[in-house]
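Within every chain, numbering begins at 1; the chains are lettered A, B, ... in the order of the sequence lines, protein sequences first and strands thereafter. Computed from a predicted model, the values in this text were never measured in an experiment.
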There are 2 protein chains.
Amino acid sequence: MSKNDENQQNGSLTSQERRTKMSSDNLLLSGFQDFLPERMLQRNALIATTRSCFEQFGFLAQDTPCLERAELLLGKYGEGEKLIYSFRDHGNRHVSLRYDLTVPLGRIIKTYADKISFPYRRYQVGMVWRADRPGKGRYREFMQMDADIIDDDSVLADVEILLLANYLMESLGAQAIVRFNCRQILDALVEVCGLSVDDGVNLMRVIDKFDKVGKSGVLAELKDAGFTTTVIEKVSAYLEIGGTNDEVLIGLADLLGSASSFQSGLKRVSAIINAIKGSGDQAANFRIDQTIARGLDYYTGVIFETTLVANSDFGSVCSGGRYDRLIKHPDGRQLPSIGLSIGIDRLFSAMESVDKAPSIKTTTQVFIVNFDDNAIAEYLKLAGELRRSGVTVEIFSRSAKLAKQMKVANSRNVPLVLLMGPDEMSQSQAVLKDMRTGVQQVIARSEITSAVLQMIDPK
Amino acid sequence: MSKNDENQQNGSLTSQERRTKMSSDNLLLSGFQDFLPERMLQRNALIATTRSCFEQFGFLAQDTPCLERAELLLGKYGEGEKLIYSFRDHGNRHVSLRYDLTVPLGRIIKTYADKISFPYRRYQVGMVWRADRPGKGRYREFMQMDADIIDDDSVLADVEILLLANYLMESLGAQAIVRFNCRQILDALVEVCGLSVDDGVNLMRVIDKFDKVGKSGVLAELKDAGFTTTVIEKVSAYLEIGGTNDEVLIGLADLLGSASSFQSGLKRVSAIINAIKGSGDQAANFRIDQTIARGLDYYTGVIFETTLVANSDFGSVCSGGRYDRLIKHPDGRQLPSIGLSIGIDRLFSAMESVDKAPSIKTTTQVFIVNFDDNAIAEYLKLAGELRRSGVTVEIFSRSAKLAKQMKVANSRNVPLVLLMGPDEMSQSQAVLKDMRTGVQQVIARSEITSAVLQMIDPK
């Protein structure tokens, strides 16, 4: 088997690709990623912020295995099923790498319902696998971060998930709009169009492309699909509704008010808007958007997408909705649920697109230069004092020339360098150099820890 | 395929097992684990402490995919190879779930050598998979935490890895002994026994069982394996050496001083001991133990194991050593390296065995009772203030009876409950109940955040 069959599948190699192929023995699978420290740090910073937001909203961490019995996943993902990594394990069990974190959540509820206190607010951060064609920002192994509230049909749960999406973007320092809709409003459109359930689903699939193809694109596709002029006119009117949240609701009532499902949708959306207004959060960040459709075989109530103000073309970075028929209690009850999902790689790309990616470059704060192998006990002693004070320290292990070591310290982006050569040692002092400013000062040995703490986190 | 074929492979089901099988539809694969929030929190606390220790020693985080090309892993693990999960992916590539974090590290060095500043101190936390027979504390999917220094043959690197093992156990609040040996001392024993390389490897495999079977067990097994009386006598004398580190070194010199490899081992071990003594760390936590052998086809210098003082029977919770011939630079050089590895599940069991497992039960600090669905905007406003001050908050979403809500709050182990019923609302105040003490107090609405902060983290 060729090592670069991915490239070969896409046709002949470019000369650049051929050079890469020949110059290295790169065994990394296509669609998979390595994370060297600098990118890992940025990624970890995003994950830490997200986890912290989840926890601030009262969600608790949960985990499930990466491998599941294939029978758990089969029949759950429709077209997606062909992207599931499946194989026979050593015991001839048919097993699969998890495709998302929601189906395993369903298994958790089924297995441990008696141990869980409902409503169950859990979050999970974990890799999922999809044998999709790799592309820019599209990987075969990627990290999902999900927060869900299980067994909760309240307006409060809807609002908290929407507020969480906004709070997360705020915590990441990016301005975003949470655009939401409600399944019952879409149902009302299907109803006033006089469509069957199947035709309704097809209609929604086309409307869901509105962000990408615009109104004319949607209407053209509907025409191609054989929808009647009456339907196309109603959809056109539907897509044209806009303005403030109140204006949108009035527009929707004019068009859909006669449909039986409209009132329940309107009631829910109004309650959500009122709660958001009263909560003190920036109500302007939340917008009713009747063009959002999302997976209709899945969601049953509120649905939403979050887009960056500075780059709405990027698409949604955090989305989800209410799914009241997916999770079952072992006693047979369907548990009304709502959740949101974030793909960390997508979020990372989005933050980069608006120059908001975390800029952290290292976790090491102090680099101790190694002047003399015979002095390592002293370096270790100093490092021990600093580490026990919470400072992160690397002692350079080679007694290379000073210039070489400073070059290494520089390449590692450490903020502080400690120099303790024979002269400094004999006078019980050290030189502390701030690599960010270039300023260096002589510090008494006994004052080093407090000086370092002061320079790391000036009060 | 049966859902519980694991049990069936082990013979007929017990009545207990049959009940479990029939009463639930448990699809969890045998040898795999779910983590509900309480255990997840304890596990996360252990991981966070370990990560923090790694970072304090100047190690930076790195990550690699869970799936690798099988050709990377094949031929690297000897007998272990049959435990690798392998399959053909959708592109007919032969792929494997990673078996450890060291072989992927080797790939990283090979692929990105030009982007890495050496010595490279990296740590990695990640799942690995082994299709082993599941047992108490033995899983097929488990988390490894590795810290390694690549391209560094210094005594300092040896010492830092040993100090890190000690520092980690100290940070976890458990007293432990870091027992270490050196490959050259074992080589010297093989030499004075006059054994071939192959016989030497077999000898070491038996000696490595010393912790489990004791001296008489080792000698009996050597006899069964056909080793001569002379060899058995020398091994007996070798195993009897004990006392302080200095006494052990004198005993080893008496027995092995004539062997050519002994002096280099002695020199290295002495340098390590001197550096540890001078570092100010508790030197008593480090002990030369000539009975430690570990994988001889792998390690080339220092080798070590860490055992709990309160439960040495548990075996090693953190181990590793120097491996100078495993990692290659793309220019062909072997990069001298040393590292340590911790299995989180094993560490967790060990901490539990000495009552040192983290006792954290929830991350949620405040539970807001829901008296009235019409008040949710006010609850959301209050929660928003608290969350923005760093407090983690759950608003209960059902307007159930107060007693029911207090029962839920209690089951969730939240330290604080906020009660804001119609009376409190009308007087702009709330009742704050400390669930740890049962004490409750009336607080003005404007003072709630500061009161909560004070009760969570009293200054």
Side-chain angles (χ1 to χ4, degrees), chain A residues 1 5 24-27 29 32 34-37 40 44 55-56 58 60-67 69 72 87 89-91 93-94 107-108 110-112 115 117 119 127 131 141 152 154 156-157 275 278-281 362-364 376-377 380-381 384 387 392-395 397 408 411-412, chain B residues 1 5 24-27 29 32 34-37 40 44 55-56 58 60-67 69 72 87 89-91 93 107-108 110-112 115 117 119 121 127 131 141 152 154 156-157 275 278-281 362-364 376-377 380-381 384 387 392-395 397 408 411-412:
Chain A
M1 183 178 58
D5 48 358
S24 83
D25 192 16
N26 187 353
L27 286 167
L29 281 160
F32 290 75
D34 290 319
F35 293 92
L36 293 183
M40 187 74 184
N44 278 349
E55 290 180 1
Q56 288 198 297
L60 302 178
Q62 165 201 291
D63 209 1
T64 62
C66 298
L67 266 190
R69 288 182 183 272
L72 178 76
F87 61 100
D89 76 0
H90 297 65
R93 283 164 289 255
H94 191 199
R107 184 179 58 67
I108 287 279
K110 222 168 178 173
T111 311
Y112 309 99
K115 291 181 186 153
S117 154
M127 288 293 181
E141 174 183 81
D152 194 332
S154 69
L156 181 74
S279 75
D281 268 47
T362 181
T363 39
T364 304
I376 63 170
L380 286 165
K381 197 171 182 176
R387 286 168 181 159
T392 59
V393 182
E394 175 181 355
I395 312 171
S397 55
V408 172
S411 75
R412 299 201 176 181
Chain B
M1 183 179 57
D5 50 357
S24 82
D25 193 15
N26 187 353
L27 286 168
L29 281 162
F32 289 75
D34 290 318
F35 292 93
L36 293 183
M40 188 73 185
N44 278 350
E55 290 180 1
Q56 289 197 296
L60 301 178
Q62 167 200 291
D63 208 1
T64 62
C66 298
L67 267 189
R69 288 181 184 270
L72 178 75
F87 62 99
D89 75 2
H90 297 64
R93 284 164 288 256
R107 183 179 59 67
I108 286 280
K110 224 169 177 172
T111 311
Y112 310 99
K115 291 180 186 154
S117 152
R121 293 183 169 218
M127 288 294 182
E141 173 182 82
D152 192 332
S154 70
L156 182 74
S279 75
D281 268 46
T362 182
T363 39
T364 305
I376 64 170
L380 286 165
K381 197 170 183 178
R387 287 166 180 159
T392 59
V393 181
E394 176 181 355
I395 312 172
S397 54
V408 172
S411 75
R412 300 203 175 178

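When heavy atoms are compared at a cutoff of 4.5 Å, A:T363 approaches chain B by way of both its backbone and its side chain. Heavy atoms of A:R412 lying under 4.5 Å from chain B belong exclusively to its side chain. When heavy atoms are compared at a cutoff of 4.5 Å, B:I395 approaches chain A by way of both its backbone and its side chain. Residue B:S411 touches chain A through its side chain alone, counting heavy-atom pairs closer than 4.5 Å.
Between B:G91 and B:D89, the shortest heavy-atom contact is N-OD1, 2.8 Å. In terms of heavy-atom proximity, A:V393 sits nearest to A:R387 at O-NH2, 2.9 Å. Across every non-hydrogen atom of B:T364 and A:G58, the tightest pair is OG1-CA, 3.6 Å.
For the pair B:L156 and A:L380, the minimum side-chain heavy-atom distance is below 4.5 Å.
For the ring-ring contact (aromatic ring centres under 6.0 Å, His included) test, no residue two or more places apart in sequence or in another chain qualifies with B:F32.
Going from atom CG of A:D34 over to atom CE of A:M40 covers 11.0 Å, rounded to the nearest 0.5 Å.
Ranking A:S154, A:G384, A:S397, A:G280 against chain B, the residue ahead of the rest is A:S397, based on heavy-atom pairs under 4.5 Å. In terms of heavy-atom pairs under 4.5 angstrom with chain A, the leader among B:L29, B:T362, B:I376, B:I108 is B:L29. Between chain A and the residues B:A61, B:C66, B:P65, B:G278, the most heavy-atom pairs under 4.5 angstrom are made by B:P65. Note on B:E394, B:E141, B:K381, B:Q56: by heavy-atom pairs under 4.5 Å with chain A, the leading option is B:Q56.
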